[in-house]
Amino acid sequence: MTPTTPIPVDAAHPHGRAFAATFEALRETGRQVHSRPHRSMTPLKVTPFLLIQAIVLPAALCALLLWGRRELFDFWRDVIVFWSQALDIPLQRLLIDGRVGSDGMALTAGASDRPLPGMAGMAAAAAMVVALLGASLRMRKASLPLKYPMRIIGVVQAFALAYFWFIPQHFPYTISRHSEELMFIGYVMMVATPVMLGAGYYILNESLLSKVGNTLAILAFFALLIPHQVMAQAFLMHHLSVLYMPVLYICFGAVFDALVFVALYSWAMSDVSPNAMR
């Protein structure tokens with residue numbers, strides 16, 4: 001039946017007449033409403049000026065980050081050492097060849113740099129894994145989106161438990177090495193930020209000042225987040241053990257940084273004007 005096909009009704013029946021009148025009113029309203037496609041389906045007009053912005057801005061910002069790489073790592077290590085002293089964690093800087101920084105320094109924690117788990121710690125971790133996996137099985141409706149992150153964390157921690165149960169002495173990573181790699185991952189995310197914004201943000205018809213301002217705000221957020229992210233993980237492992245390093249690295253390292261970028265990108269896009277794609 002097409003929208004223009006009349007609907008046979010019993011004119012003598014009051015309910016039939018009411019239905020026909022209502023249907024005709026809805027059909028007339030539908031003729032007058034012109035729906036606009038979602039912005040993801042809207043053709044994007046990229047002018048030469050916007051294309052230049054999408055190329056020049058990422059190149060300039062990435063060059064700035066590469067130029068200030070040593071100073072950025074020095075700032076991060078200063079923040080980490082400051083909080084380490086305040087929280088009584090034996091993280092300090094040591095001269096190591098090949099490390100990024102104006103003085104070639106890297107983090108170290110001495111003899112307590114790789115605290116292995118004891119039986120009580122492993123039992124507590126096993127109970128946590130069982131609780132996470134058990135809770136994920138009972139999730140329904142609104143809490144359903146939490147099911148899969150909880151299962152991922154539980155499975156990763158279960159593999160870590162198996163490793164530390166059989167060959168704990170062969171675990172090659174230390175807290176300081178883990179911290180250095182987290183800083184490097186965070187730096188890579190900062191360098192990639194202008195490139196990703198160039199593909200999905202700089203090509204929009206927004207003011208150049210807004211683009212530069214939002215990008216600098218995102219980079220500043222990462223510059224402050226990364227040393228505190230490192231410090232939070234070092235604090236947990238120092239007071240617990242390196243048993244939790246795999247789940248912290250896999251679930252709260254690069255993946256966490258990527259999710260933070262998505263959230264900040266959404267924040268920047270929320271300020272875009274309705275005419276940004278015209």
Side-chain angles (χ1 to χ4, degrees), residues 40 76 80 83 87 89 91 109 113-190 192-193 196 200 218 221-222 224-270:
S40 63
W76 286 346
I80 293 170
W83 285 113
L87 298 173
I89 299 175
L91 275 176
D113 208 6
R114 193 180 62 177
L116 295 176
M119 292 301 297
M122 295 187 68
M128 181 191 70
V129 169
V130 173
L132 280 175
L133 296 178
S136 70
L137 295 174
R138 301 174 63 87
M139 286 186 169
R140 300 289 187 275
K141 297 182 179 179
S143 59
L144 191 61
L146 288 175
K147 172 184 289 189
Y148 300 104
M150 291 174 65
R151 287 185 178 180
I152 292 171
I153 293 174
V155 170
V156 172
Q157 192 58 55
F159 276 103
L161 273 169
Y163 182 94
F164 281 97
W165 177 265
F166 292 105
I167 47 174
Q169 298 300 330
H170 293 278
F171 189 68
Y173 287 89
T174 60
I175 295 177
S176 55
R177 181 179 174 184
H178 173 81
S179 301
E180 291 286 336
E181 292 192 3
L182 278 183
M183 287 191 292
F184 180 75
I185 290 172
Y187 175 75
V188 171
M189 178 60 66
M190 290 185 66
T193 292
M196 292 186 288
I218 292 174
F221 187 92
F222 272 113
L224 292 175
L225 168 70
I226 290 165
H228 294 90
Q229 175 189 8
V230 171
M231 194 63 243
Q233 296 195 17
F235 179 83
L236 289 174
M237 288 184 289
H238 176 73
H239 288 284
L240 297 174
S241 70
V242 291
L243 171 64
Y244 299 96
M245 186 182 292
V247 73
L248 290 174
Y249 184 83
I250 295 174
C251 299
F252 300 99
V255 174
F256 177 79
D257 293 342
L259 292 175
V260 170
F261 169 78
V262 171
L264 294 174
Y265 173 76
S266 301
W267 164 76
M269 289 294 291
S270 67

Picking from Phe261, Tyr265, Phe221, what satisfies side-chain contact (heavy atoms from CB on, under 4.5 Å) with Thr193?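 With Thr193 as partner, side-chain contact (heavy atoms from CB on, under 4.5 Å) holds for just one option, Phe261.
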From [X] [atom1] over to [Y] [atom2], what is the distance, rounded to the nearest 0.5 angstrom?
X	Y	atom1	atom2	result
Arg151	Leu133	CZ	CG	8.0 Å
Arg114	Arg177	CZ	CZ	11.0 Å
Trp76	Ile80	CH2	CD1	9.0 Å
Phe164	Phe171	CZ	CZ	4.0 Å
Trp83	Ile89	CH2	CD1	11.0 Å
Gln169	Leu116	CD	CG	5.5 Å

Is a donor on one side and an acceptor on the other found under 3.5 Å between the side chain of Asp113 and the backbone of Ser176? yes
Please give me the minimum heavy-atom distance between [X] and [Y], naming the atom from each residue.
X	Y	result
Ile175	Pro115	CD1-CD, 3.7 Å
Met122	Pro117	CG-CB, 3.9 Å
Ala135	Met150	CB-CE, 3.7 Å
Val230	Ser179	CG1-CB, 3.4 Å
Asp257	Phe222	O-CZ, 3.7 Å
Pro149	Pro145	CD-O, 3.2 Å

Contact between [X] and [Y] at the side-chain level, heavy atoms closer than 4.5 Å - yes or no?
X	Y	value
Met183	Glu180	yes
His228	Gln233	no
Met190	Ile226	yes

Please check if atom OH in Tyr148 has more than 12 non-hydrogen atoms from other residues, nucleotides or ligands closer than 6.0 Å.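 Incorrect, the count does not exceed 12.
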With a sphere of 6.0 Å drawn around CH2 of Trp165, does it hold more than 12 non-hydrogen atoms of other residues, nucleotides or ligands?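 Counting neighbours around CH2 of Trp165, 12 or fewer heavy atoms of other residues, nucleotides or ligands fall under 6.0 Å, so no.
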Table please: side-chain donor-acceptor pairs of residues 239-252 below 3.5 Å, with sequence neighbours left out.
residue, atom, partner, partner atom, Å
Ser241, OG, Leu243, N, 3.2

Taken in chain and number order and not counting sequence neighbours, the residues that satisfy side-chain hydrogen bond (donor to acceptor under 3.5 Å, both in side chains) with Gln157 are none
